Chemist: 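Can you keep this structure in mind? I'll have questions shortly.
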Amino acid sequence: MKLAILGSCASQPGPGEACSGYLVSSGDTHVMLDCGSGTLGPLQRHVSLEDLRAIVVSHLHPDHYIDLVALRYGRTYGVAGARSIDVYLPPGGIAHLERVAAALSSTTPFWDGALTLHEYEPGVPLALGALTVRPHEVRHGIRSFGMRVDDRERVLAYTSDTVPCEELATLAEGAHTLLAEATLAGGAPSHHDPATHLSAHDAAKVAARAGVERLVLTHFWYTANRALAVAEASDSFSGNVQAAGTGRCFDV
Ligand SMILES: [Zn+2]
Ligand SMILES: [Zn+2]
């Protein structure tokens, strides 16, 4: 299983760096986790849109889904006969995207023909070709779902956005690679009170408890010092620690 980073910023893109988006691939199956601002460009360096099996959205903050709007316009006005792409949203996600559509356009239906919208349920696995994606609810300002991705050989756990919580232990247990948000790392401002995110230290504690081989930190504030974030995590986790960045690829 391969993990390609399409973007790794929180809230807004940084210089040359998109918001949240990750491509997970096993064999011919390619699934995009999150579709934040600026991720569609990097995505197409790895896979054609025609070969993308599905997009799974962790939660309904715009830095995790707003490029669905761009994708809808591209599919609608682009290649004739382009197939509709399956998008799996959290509970309530279809109504949310219909409200977004209503604010943007008088065209109804807005999404049909470009994207096929589905909603997943917590704990109910999505069978997507060679990959199985299981949403695990975590704790954030709104409902948020970490994803456990399995290709029967390797397991990737992705935290989504979350505070430290017991659910993260279940999400990461037995995973080989943990892709963890570290918004409060590398000198980032503590802009929420109470915090709704993880520090590098928090992410490292989850990695150590789960015994993962590799921790990949992501969802950095755009001004964060990523090398410092890696050093912060390495204080609490003795395994391999990496900072995500657009274009970086990892073997899960
Ligand atoms: Zn976010
Ligand atoms: Zn969020």
Side-chain angles (χ1 to χ4, degrees), residues 3-24 32-43 55-71 87-93 95-97 99-100 119-120 122 133 135-149 156-165 167-168 171-172 178-200 202-203 206 215-224 226 229 233 243-246 248:
L3 166 66
I5 309 300
L6 310 177
S8 59
C9 277
S11 297
Q12 69 149 77
E17 189 69 43
C19 283
S20 294
Y22 312 97
L23 182 67
V24 185
M32 187 181 188
L33 300 180
D34 284 337
C35 191
S37 324
T39 54
L40 280 185
L43 170 71
I55 300 169
V56 184
V57 174
S58 66
H59 67 298
L60 295 169
H61 280 155
D63 56 327
H64 296 258
Y65 78 83
I66 204 67
D67 262 18
L68 293 177
V69 173
L71 184 59
V87 178
Y88 294 86
L89 300 163
H96 179 96
L97 284 195
R99 290 194 293 276
V100 170
E119 294 182 2
Y120 56 73
V133 181
H136 283 251
E137 189 156 11
V138 290
R139 299 189 192 194
H140 192 42
I142 60 170
R143 291 191 83 183
S144 179
F145 296 84
M147 298 291 162
R148 194 173 162 92
V149 187
L156 169 71
Y158 165 49
T159 62
S160 177
D161 289 4
T162 182
V163 292
C165 60
E167 288 84 348
L168 287 172
L171 172 74
L178 174 65
L179 175 63
E181 73 122 304
T183 319
L184 307 176
S190 181
H191 53 286
H192 287 110
D193 188 22
T196 53
H197 290 290
L198 301 182
S199 66
D202 295 328
V206 176
L215 169 63
V216 180
L217 301 174
T218 191
H219 201 269
F220 294 106
W221 196 245
Y222 72 99
T223 57
R226 295 178 182 218
T246 299
R248 292 204 72 186

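Order of listing sets the numbers, starting from 1, for every ligand and every atom in it. This one's a predicted model, so the numbers in the text were calculated from it and none came from an experiment. Note that the numbering runs from 1 along the sequence shown for the chain.
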Chemist: Any N/O/S atom, backbone or side chain, of Asp161 lying under 2.8 Å from the Zn ion (ligand 2)?
Modeler: yes
Chemist: Between Thr159 and Glu181, is there a donor-acceptor pair closer than 3.5 Å when you use the side chain of the first and the backbone of the second?
Modeler: yes
Chemist: For His140, what is the atom name of its N, O or S atom nearest to the Zn ion (ligand 2)?
Modeler: NE2
Chemist: Indicate if the distance from the Zn ion (ligand 2) to the nearest N, O or S atom of His59 falls below 2.8 Å.
Modeler: yes
Chemist: Checking Ser58 against Asp34 for the side chain to side chain donor-acceptor pair (under 3.5 Å) test, could you report, in this order, the C-alpha distance in whole Å, the side-chain angles of both residues, the deciding distance, and whether it holds?
Modeler: CA-CA 6 Å; Ser58 66; Asp34 284 337; 2.9 Å; yes
Chemist: Please work out which of the three classes, parallel, tilted or perpendicular, describes the rings of His219 and His64, given edges at 30° and 60°.
Modeler: parallel
Chemist: Do Leu40 and Cys35 come within less than 4.5 Å of each other through their side chains, counting heavy atoms only?
Modeler: yes
Chemist: I'd like to know if the Zn ion (ligand 2) has an N/O/S atom from His61 within less than 2.8 Å of it, counting both backbone and side-chain atoms.
Modeler: yes
Chemist: Using the Zn ion (ligand 1) as the vertex, how large is the angle between NE2 of His64 and OD2 of Asp63, rounded to 10 degrees?
Modeler: 100°
Chemist: So, the side chain of Arg248 versus the backbone of Ala243: is there a donor-acceptor pair under 3.5 Å, distance only?
Modeler: yes
